[in-house]
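This structure is a prediction, so every number in the text was calculated from the model and none was measured.
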Amino acid sequence: FVALAENVILHRDRERLPLLYELIWRILHGERELIRIAADPLVHRLGMMRKAIGRDIHKMHAFVRFRHVEDQDGERYIAWFEPEHFILDKVAPFFTGRFPSMRWSILTPIGSLHWDGEKLQRGEAVWRAEAPREDALEEWWRTYYRAAFNPARTNPGMMQAEMPKRYWRNLPEATIIPELLSEGHGRTAGMLDAPPTVPRKRISTAGNLALALDERWNLTWQDVHTTDVVLLAHATGLSVYDASYVWLAGSLGADLVTL
């Protein structure tokens with residue numbers, strides 16, 4: 001019950017507390033296994049609310065975009081985000097862990113988070129107009145997204161499911177999505193019309209993957225975090241592609257990374 005309540009209480013639905021009270025009442029009055037009965041309308045509704053919180057947290061992790069500003073203490077990175085629910089305290093550890101040495105603020109309509117490299121402070125809600133406007137990082141985001149875009153795998157329906165349009169106005173890369181979708185059809189047609197290439201030596205992908213996953217090699221698999229790469233590229237002047245290698249080397253504690 002506690003794990004469920006910790007998430008449901010963050011939901012924006014005004015009935016969340018009465019619903020939790022009803023659940024407790026029924027459990028204490030004989031329905032000891034109620035919380036395990038997913039088909040019960042009350043349990044189902046609370047479960048859907050918990051899933052909504054999980055989705056909102058995931059979207060905030062993925063779609064926060066920082067903008068670079070200068071204040072009296074030097075560099076600071078500020079982001080604007082509009083969560084659907086009251087998840088600020090829930091996501092704070094993710095951002096302090098991801099950007100521990102960077103001074104940053106995340107502004108939202110329900111409150112704000114401010115990190116100075118050592119201490120996290122909770123601030124008041126702000127209006128979107130108080131967030132900084134476009135900066136040089138915006139073009140880095142667009143460059144990264146353009147490079148990663150694969151026209152052959154374009155699926156607008158799936159794209160909007162993973163990146164709902166309500167977030168687009170705060171994502172710098174969203175400004176080029178219509179252009180990329182328009183170009184995608186032509187690029188895909190060009191791939192299909194291109195003459196066949198000389199086959200390369202056949203490689204057993206499955207065999208190589210099995211070999212790489214062999215525990216004897218003690219390999220560590222890493223996902224490159226796009227926000228880190230864009231910020232690193234901006235700070236160093238490297239291309240986004242090269243910055244991804246530098247980030248990976250630092251993450252692995254290696255001097256050189258080759259693929």
Side-chain angles (χ1 to χ4, degrees), residues 1-66 78-100 102 104-128 130-131 157-171 220-223 225-228:
F1 172 83
V2 173
L4 173 67
E6 284 178 344
N7 284 278
V8 170
I9 203 169
L10 304 177
H11 203 279
R12 198 175 278 274
D13 193 323
R14 293 183 179 181
E15 295 186 8
R16 63 190 185 280
L17 296 181
L19 291 172
L20 288 171
Y21 177 82
E22 180 183 349
L23 181 66
I24 295 174
W25 193 93
R26 289 175 60 183
I27 291 173
L28 294 178
H29 287 77
E31 299 182 68
R32 297 292 183 181
E33 299 300 317
L34 175 61
I35 201 168
R36 302 179 186 276
I37 305 175
D40 182 272
L42 173 61
V43 175
H44 175 73
R45 183 175 177 184
L46 291 171
M48 295 301 292
M49 292 169 73
R50 175 168 59 182
K51 288 183 179 179
I53 295 301
R55 286 194 300 271
D56 205 26
I57 290 171
H58 172 71
K59 298 303 183 188
M60 189 163 182
H61 287 174
F63 296 145
V64 162
R65 298 290 183 264
F66 287 103
I78 300 179
W80 168 260
F81 190 78
E82 299 172 66
E84 288 191 63
H85 306 289
F86 304 105
I87 60 171
L88 273 189
D89 292 328
K90 196 81 168 178
V91 301
F94 172 85
F95 289 103
T96 56
R98 175 63 70 179
F99 308 110
M102 188 172 82
W104 53 260
S105 295
I106 299 177
L107 313 178
T108 83
I110 61 172
S112 53
L113 298 173
H114 307 279
W115 175 254
D116 63 3
E118 297 181 358
K119 184 175 63 176
L120 181 71
Q121 291 186 331
R122 187 78 144 75
E124 297 181 351
V126 299
W127 296 101
R128 187 171 187 268
E130 298 179 51
M158 181 63 70
M159 177 184 293
Q160 289 190 31
E162 293 299 318
M163 187 192 289
K165 278 196 169 183
R166 67 180 296 268
Y167 298 107
W168 285 23
R169 63 177 179 169
N170 298 321
L171 298 175
T220 300
W221 295 86
Q222 295 283 337
D223 290 326
H225 195 273
T226 54
T227 301
D228 293 351

So, taking the atom named CD1 in Ile87 and the one named NZ in Lys59, what distance separates them when rounded to the nearest 0.5 Å? 12.0 Å
Check for a donor-acceptor pair, side chain of Ser112 on one end and backbone N or O of Glu124 on the other, with a separation under 3.5 Å. yes
NZ/NE/NH1/NH2 to OD/OE distance under 4.0 Å, Arg55 and Glu84: no
I'd like to check Thr96 versus Leu113 (side-chain heavy atoms, cut-off strictly below 4.5 Å). Are they in contact? no
Describe, in one word, how the ring planes of His11 and His85 are oriented to each other, choosing from parallel (under 30°), tilted (30 to 60°) and perpendicular (over 60°). tilted
Taking Trp25's backbone N and O only, do any of them form a donor-acceptor pair with His29's side chain (distance below 3.5 Å, no angle check)? yes
Rounded at 0.5 Å granularity, tell me how far CD1 in Ile57 sits from NZ in Lys90. 5.5 Å
For the CG atom of Leu107 and the CD atom of Glu130, what is their distance to the nearest 0.5 Å? 7.5 Å
Would Asp40 and Arg26 count as a salt bridge (Lys or Arg N to Asp or Glu O under 4.0 Å) here? Give the steps. CA-CA 12 Å; Asp40 182 272; Arg26 289 175 60 183; 2.9 Å; yes
When you look at Leu23 and Phe1, which way does the side chain to side chain contact (heavy atoms under 4.5 Å, CB included) test go after all the steps? CA-CA 9 Å; Leu23 181 66; Phe1 172 83; 3.6 Å; yes
Identify the heavy atoms of Leu17 and Ile9 that sit nearest to each other, and give their distance. CD2-CG1, 3.9 Å
Do Trp104 and Asp116 have side-chain heavy atoms sitting under 4.5 Å apart? no
For Asp89, is there an ion pair with Arg122 - N to carboxylate O distance below 4.0 angstrom? yes
Shortest non-hydrogen contact from Pro83 toward Pro109: CD-CD, 4.3 Å
Distance check, rounded to the nearest 0.5 Å: Ile35 atom CD1 versus Leu46 atom CG? 8.0 Å
Do Met60 and Phe95 have side chains that get closer than 4.5 Å, going by heavy atoms? yes
Looking only at atom types and distance, does a side-chain atom of Trp80 sit under 3.5 Å from a main-chain N or O of Ile106, one as donor and one as acceptor? no
Looking at every non-hydrogen atom in both residues, tell me the closest pair between Trp115 and Pro100 and how far apart they are. NE1-O, 2.9 Å
Nearest atoms (heavy-atom pairs only) where Val64 meets Ala79: CG1-CB, 3.6 Å
Value rounded to 0.5 Å, distance of CG in Leu42 from CD in Glu31: 9.0 Å
Return the minimal non-hydrogen interatomic distance between Asn7 and Ile53, and the atom names on each side. O-CG1, 3.3 Å
Gap between atom CZ of Arg12 and atom CE of Met49 - 0.5 Å precision: 12.0 Å
Does Arg128 reach the side chain of Glu82, with side-chain heavy atoms less than 4.5 Å apart? yes
Distance-only, no hydrogens or angles: does the Arg16 side chain make a donor-acceptor pair with backbone N or O of Asp13 under 3.5 Å? yes
Side chain of Glu6, backbone of Ala3: donor and acceptor closer than 3.5 Å? no
Can you tell me if Leu120 has over 12 outside heavy atoms packed within less than 6.0 Å of its CG? yes
